[in-house]
Number of protein chains: 2
Amino acid sequence: MRDCPSRYAAGVNLRPVGAMPLSGQIHRQLMDAILDGTLTGALPSERELAETFGANRHAVREAIKRLQQARLVEVQQGGATRVLNIPDHAGLDLLPELVAGPGRLNHEATTGVLELRACIGADAARLCAERSPGVGAALLDLLPDAAMPDAELAAGSAAYWTALVAGTDSLPYRLALNTLLAGLDAIGDSPAAKDFMTALREESRRADELEQIAHAIRRGDAPAAGETARRLLNSSIPPR
Amino acid sequence: MRDCPSRYAAGVNLRPVGAMPLSGQIHRQLMDAILDGTLTGALPSERELAETFGANRHAVREAIKRLQQARLVEVQQGGATRVLNIPDHAGLDLLPELVAGPGRLNHEATTGVLELRACIGADAARLCAERSPGVGAALLDLLPDAAMPDAELAAGSAAYWTALVAGTDSLPYRLALNTLLAGLDAIGDSPAAKDFMTALREESRRADELEQIAHAIRRGDAPAAGETARRLLNSSIPPR
DNA sequence: ACTGATTGTCTGGTTGGACCAGTAACCCTA
DNA sequence: TAGGGTTACTGGTCCAACCAGACAATCAGT
C-alpha cells in the first residue's frame with residue numbers, strides 16, 4: 001500500500017509519518033483512480049476491492065462512504081457502485097483534490113480557483129463595506145509587513161481575507177472561502193507550483209492595496225472596496 | 001428511528017418510501033444535531049452511539065466517516081471525536097443542509113446562496129463571453145417559453161446556466177454551480193420558501209434578459225454579458 | 001509536597017465471518 | 001419468442017473479537 005501523500009499530513013491533524021488509517025489509504029487510491037480516469041463505470045464489488053487492497057470489506061466500505069459523500073460515486077443496494085461524471089455531479093469541495101491530483105499539479109484547475117477567488121473575494125469586499133464598515137479598522141491591523149517571512153505572510157493573508165469575509169455576515173461566503181483556501185493550500189510547494197506561489201506571495205505583500213480596501217470598507221464605500229479587491233486578486237491570475 | 005426526510009428521497013436515486021440505509025439515517029440525525037447546535041464538543045463514543053441508535057457500531061462508523069468527509073467532525077484514534085466549528089472548517093458543499101436544516105428553512109443562508117449565485121453567475125457570463133462566444137447561440141435555444149409549466153421552467157433555467165458555465169471552460173466554476181444548484185434545490189416547496197421560489201420563477205421567465213446575455217456572449221461582449229447577468233440574478237435576492 | 005513514570009481503561013481502527021435485502025441475469029417454461 | 005421464476009451476485013447490517021493510540025489516575029522517587 002502506498003505511502004501517505006504529504007498533502008494529507010499537512011493539515012491540523014498530524015499523524016506519525018506514513019500512518020494513515022487503512023480506510024483513508026483506500027479512499028485516496030480510489031479517489032486518485034477516479035480523478036485520473038483510471039476508474040470509470042462500475043466499481044469492482046466491495047469484496048473484490050477488499051481482496052485486491054488486502055484489507056477487510058469494512059475498511060473498503062468506509063472509503064466508499066466518503067466517495068459517496070463527495071458525490072464521486074453512486075451506490076445502490078443490490079446493484080453496482082458506479083463512478084459519477086465529475087463535472088455533472090461533484091461539488092466545489094473537490095477542489096483540493098483537483099488542484100493537486102495524484103502526483104501532478106493541475107494548472108487549469110488552479111487557475112480556475114484563482115479566478116473564483118477573485119470573483120468571490122471582490123464581492124465579499126463589496127458586501128463587507130455595505131454591512132460591516134467596522135471590520136475595516138480591524139483589517140488595518142492585519143496588513144502585511146515588508147519584513148515578514150513567507151510563512152507568516154501566508155497566514156496573515158488568510159487572516160485578512162477571513163476577517164473580511166466574516167464581515168459579509170454570510171455563512172455561505174465564509175464556507176466558500178474555506179473551500180477556496182483549501183484549494184490554494186493544495187497547490188503546495190512542488191516545483192511545478194512555483195509560478196503560482198510567487199504570484200500569491202507578491203499579492204500578499206501589496207500592503208498599499210490591502211490598506212485601500214480596508215479604508216474603503218471603513219467608510220462604507222462598497223464600489224471602491226469591490227473594485228480595488230478585484231484588481232488586487234486579479235494580479236495572481238496567470239494570463240491565459 | 002425517524003423517517004426519511006423528503007428532501008433526501010427527491011434526488012436521482014429514488015428509494016422505497018421511508019427506506020434509507022441505517023447508516024444514512026444515523027448520518028442525518030447526527031448532522032441535524034450538529035447543525036442546530038444540539039451536539040457540540042466531543043461526540044459520545046461510537047459504542048455509546050451504536051447503543052442509543054439501536055444499531056451496530058459499523059453503521060455509526062460509516063455515518064461518522066461522512067461527517068468527517070464534510071469536515072463537520074474531527075476524529076482521532078484513541079481520542080474523542082469532536083464537532084468542528086462550522087464557519088471555520090466546513091466547506092461549501094454544506095449549503096444544502098444549511099439551507100434546509102432540520103424542519104426549518106434558513107433565510108439568511110438561502111439569501112447568501114442567492115448572493116453567491118449572482119456573484120459567480122455574472123462572472124461566469126463574463127468569462128463565457130470571453131472564451132466561448134459560440135455558446136451564445138446554444139443559449140438562445142434554451143430560452144424559456146411563456147407557456148412553460150413551472151417544473152419545465154426550473155429545468156430549463158438549470159440547463160441554461162449549466163451551458164453558460166460550461167462555456168467558461170473552468171471546472172471549478174462548474175463545480176461551484178453544482179453546489180449552488182444543490183443548495184437552491186434544498187429550498188424545496190415548504191410554505192416558508194414561497195417568496196424565494198416565486199422570485200426564482202419570475203427570474204426564470206425573463207426571456208428578454210436571458211436573450212440579451214446570450215447575444216452579448218455571442219458577440220464576445222464580456223462586460224455586457226456580466227452586467228446583464230448580474231442585474232438579472234440580483235432580482236432574486238430579497239432586500240436585507 | 002511535588003514531579004515523573006507506570007498502568008489501566010477509555011477511545012477509535014481493523015478483522016473475520018455470518019446473514020439479510022435488494023438487483024440482475026440467466027434459464028426454463030408456456 | 002415472451003413470460004416468469006430461480007439463482008448468483010450486489011450492497012447493508014450485525015456480532016464478537018482484538019489491535020493501537022490517548023488519557024487520566026495512580027504510585028514511586030525525589
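As the structure is a prediction and not an experimental result, all values here were calculated from the model. A, B, ... follow the sequence lines: proteins, then strands. Residue 1 opens every chain.
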Q. Taking only N and O in the side chain of A:Ser45, is any of them less than 4.0 Å away from OP1 or OP2 of D:dC9?
A. no
Q. Taking atom C1' of D:dA22 as reference, at what distance in whole Å does atom CD of B:Gln76 sit?
A. 7 Å
**Q.** Between C:dG13 (P) and B:Glu74 (CD): distance, integer Å
**A.** 12 Å
Q: May I have the distance from A:Leu49 (atom CG) to C:dT14 (atom P), rounded to whole angstrom?
A: 16 Å
Q: Round to the nearest Å and state the distance from B:Lys65 atom NZ to D:dT13 atom C1'.
A: 18 Å
Q | Nucleotide nearest A:Ala59 (side chain, heavy atoms from C-beta), chosen from D:dA22, C:dG12, C:dT15 | A | C:dT15
Q. On DNA chain C, nearest-nucleotide positions of A:Gly78 versus B:Arg57: which is more 5'?
A. B:Arg57
Q | OP1 or OP2 of C:dT14 under 4.0 Å from side-chain N/O of A:Asn56 | A | no
Q) Think A:Thr81 has a side-chain N or O under 4.0 angstrom from the OP1 or OP2 of D:dT10? A) no
Q: Check the distance between C:dG13's P and A:Gln25's CD and give it to me in whole angstrom.
A: 13 Å
Q | Sugar-phosphate, base or nothing in reach of B:Glu48, heavy atoms under 4.0 Å | A | sugar-phosphate
Without placing hydrogens or testing angles, list every side-chain donor-acceptor pair under 3.5 Å for residues 108-121 of chain A, not counting sequence neighbours.
from, atom 1, to, atom 2, distance (Å)
A:Thr110, OG1, A:Asn106, O, 2.7
A:Thr111, OG1, A:His107, O, 2.9
A:Glu115, OE2, B:Arg131, NH2, 2.4
A:Arg117, NH1, A:Glu203, OE2, 3.3
A:Arg117, NH2, A:Glu203, OE1, 2.4
A:Arg117, NH2, A:Glu203, OE2, 3.2

(Q) Are the side chains of B:Asp169 and B:Leu127 in contact, using a 4.5 Å heavy-atom criterion? (A) no
(Q) Is it the case that the side chain of A:Ser204 and the backbone of A:Leu200 share a donor-acceptor pair, with hydrogens and angles ignored and the cut-off at 3.5 Å? (A) yes
Q. Given that A:Gly79 and A:His58 both sit by DNA chain D, which one's nearest nucleotide is further toward the 5' end?
A. A:Gly79
Q. What is the distance from CD of B:Gln77 to C1' of C:dT15, rounded to the nearest Å?
A. 14 Å
Q: To the nearest Å, give me how far apart CD (A:Glu46) and P (D:dC14) are.
A: 15 Å
Q: Return the minimal non-hydrogen interatomic distance between B:Ala199 and B:Ser236, and the atom names on each side.
A: O-OG, 3.5 Å
Q) How close or far is atom P of C:dG13 from atom CD1 of A:Ile26, stated in whole angstroms? A) 13 Å
Q. Does A:Tyr173 use its side chain to pair, donor to acceptor, with the backbone of A:Thr168 at less than 3.5 Å?
A. no
**Q.** Residue mapping more 5' on DNA chain C - nearest nucleotide basis, A:Arg47 or A:Glu62
**A.** A:Glu62
